[in-house]
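For this chain, numbers begin at 1 and follow the sequence in order. Whatever order the structure lists ligands and atoms in, that order sets their numbers, starting from 1.
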Amino acid sequence: MKLKNDNWDVIVIGAGLAGLKAALELKKAGKSVLVIEARDRVGGRAKLGEICGQPIDHGGQWLGAQQSRFREQAQTLNVEIYPQYIKGKSLLSLNNKVSHFQSIPKLPLSSLWTLVRVYYRWQGDMKLMSDHKSWSAEKVQQWDRLSLDEWIKENVKNQIANDFTHLLVNAILCTNASKTSYLFFLECLRQGQGIKVMADVKGGAQQDKFVGGAWQITQKMADLLEGNIVLNRPVLSVQQDKNGVQVNCAESRFKAKKLIITAPPEYIEKIKFTPELTEEKSKLLQGMEMGNVIKVHIAYPTPFWRHRGLNGSVMSPDHHLGIVFDQSPHDEKIGILVGLIEAHHAIAMGSLSTEQRKKIVLSDLVHYFGSDAAEPLDYVDCNWDQEQWSSGGYAAHTKPGILSKYGNALREPFGHIHWAGTETATEFMGYYEGALESAIRAVKEVIETV
Ligand SMILES: Cc1cc2nc3c(=O)[nH]c(=O)nc-3n(C[C@H](O)[C@H](O)[C@H](O)COP(=O)(O)OP(=O)(O)OC[C@H]3O[C@@H](n4cnc5c(N)ncnc54)[C@H](O)[C@@H]3O)c2cc1C
């Protein structure tokens, strides 16, 4: 099929979940739409992998209990949902000692008490975040000047509670607390419905998964858009005048009345805009940075941990492999563990070869599960920091001092240009759910005018 270059109602940059959703909504409304994608595949931060013949998600995989848009999207596309395996005990490694627990980690009472106090502080402070206009208020500016690390130092003096708080922060943001502000963290908590929802499995953000993987959802959406997506076309520049936009790739250009951009902030910054973006938007983009994450899968002949009454989950502030979950197939034909290496651990491990990483991951797993973990059938990892067109994950955060000053530019349209992508969400920013919410909002903005 020959692709027309001009007269599109809307062009969408990026074929991740947000871009695909925006395009499907526009198509449903009878608008002509073209999705331009830099990579040679669709999905963005949703990516198919494989271990021992089983499909796996190199990118996002969980569906939260509260994430109704993503659940509905999967159901519409007949992608089956099943619960994360949690039967049995979880493991915690603290100060090099491994303990197991059912629901509350075995911490000294004084540390638990500190964590309860932190929980209620966060619940209270995050409630004040519900009105975005309050970002200019004095308290909010103060919270934005304060790095999350400074807040933790001031408020979490108990060492074990402090370590545990950093583990939670790393697991949620994939970045060290010194790199973002307390304000940004509170905004994440507000959008994610609080730390309990974000950290929990049952009733929380890790409750469910997809049979065969989440990547299928983006693939199936792309199949419905056949003829409306072009791959291998990094957008280099965008021009707009009163009639619409022109989007330029290396060897092609396309015109439309409106443009929706869903690329991650770092890649928006690399596009040349004429006229130039507002100073507020440029400063915001410069002040946003992706988290650092390596996702690993390890396959074993059996899910041996299940047979020992363990559910495969591990939390560990003192090792590189900080978070582990069971990822075994239903029939238990083999056992698979999925792990996340986050923040400074991902930066340190990212400079190693896959073989060196495998050695460290296995040594961490032997520490958690014993010698049964020493000899896997296979090991696969995906270093998102090295993935061109993402440069990290799960999502971008703002550096201290950025959100309160420039946050209003996050979603503010610029002429014919509108913004989507999980970083621009108002609910569940950083998650697939946020990507969908942002796409639906951006489509609402443009649909009346094309
Ligand atoms: C390891 C990992 C684990 C995660 N786990 C979960 C999870 O369990 N649950 C969950 O809900 N979320 C999870 N996430 C987050 C989730 O994957 C993202 O929120 C979501 O995929 C973002 O979708 P998006 O469309 O906003 O952005 P993207 O998927 O990043 O899409 C943006 C697209 O824009 C393209 N692009 C960039 N620049 C250009 C350009 N110049 N020209 C053309 N195209 C361009 C990119 O190639 C990309 O395809 C995880 C992410 C990672 C990395």
Nearest neighbour of [atom] from the list [options], on a heavy-atom basis:
atom	options	value
atom 16 (C) of ligand 1	W384, Y432, W215	Y432
atom 42 (N) of ligand 1	V35, V235, I217	V235
atom 18 (C) of ligand 1	G430, A395, A346	G430
atom 39 (C) of ligand 1	W389, F70, F325, Y394	W389
atom 38 (N) of ligand 1	Y267, Y431, W62	Y267

Where ligand 1 meets [X] - atom numbers and elements under 4.0 angstrom, heavy-atom basis:
X	value
T262	32 (C)
R39	46 (C), 47 (O), 48 (C), 49 (O)
G59	2 (C), 3 (C), 4 (C)
I13	42 (N), 43 (C), 44 (N)
G43	29 (O)
L17	25 (O)

Give me the atom names and distance for the closest heavy-atom approach of [X] to [Y].
X	Y	result
L352	A348	CG-O, 3.9 Å
D385	V293	OD1-N, 3.3 Å
Q207	A65	OE1-CB, 3.5 Å
T165	I152	CG2-CD1, 3.9 Å

Flag [X] as yes when one of its N or O atoms lies below 3.5 Å from any N or O atom of ligand 1, and as no otherwise.
X	result
Q61	yes
E433	no
V293	no
A18	yes
P264	no

Between [Y] and [X], is there a side-chain donor-acceptor contact under 3.5 Å, judged purely by atom types and distance?
X	Y	result
Y267	Q388	no
K89	Q102	no
R39	S390	yes

Item to complete: Answer yes or no: is there an ion pair linking R306 with D326, defined by an N-O contact shorter than 4.0 Å?
Response: yes
Worksheet item: Would you call R71 and D208 a salt bridge, taking side-chain N to carboxylate O under 4.0 Å as the test?
Response: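 Looking at D208 together with R71, the answer is yes, because their closest N to O distance falls below 4.0 Å.
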Worksheet item: For E72, does its backbone N or O pair with a side-chain atom of T76 as donor and acceptor, under 3.5 Å?
Response: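 Indeed, once roles are kept as given, a pair shorter than 3.5 Å links the two residues.
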Under 4.0 Å from ligand 1, counting heavy atoms only, is it the side chain of [X], its backbone, both or neither?
X	value
P234	backbone
H58	backbone
I36	backbone

Discussion item. Name the residue from M198, E437, E433 that meets the side-chain contact (heavy atoms from CB on, under 4.5 Å) definition with F428.
Written reply: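 Testing each of M198, E437, E433 against F428, the sole residue satisfying side-chain contact (heavy atoms from CB on, under 4.5 Å) is E433.
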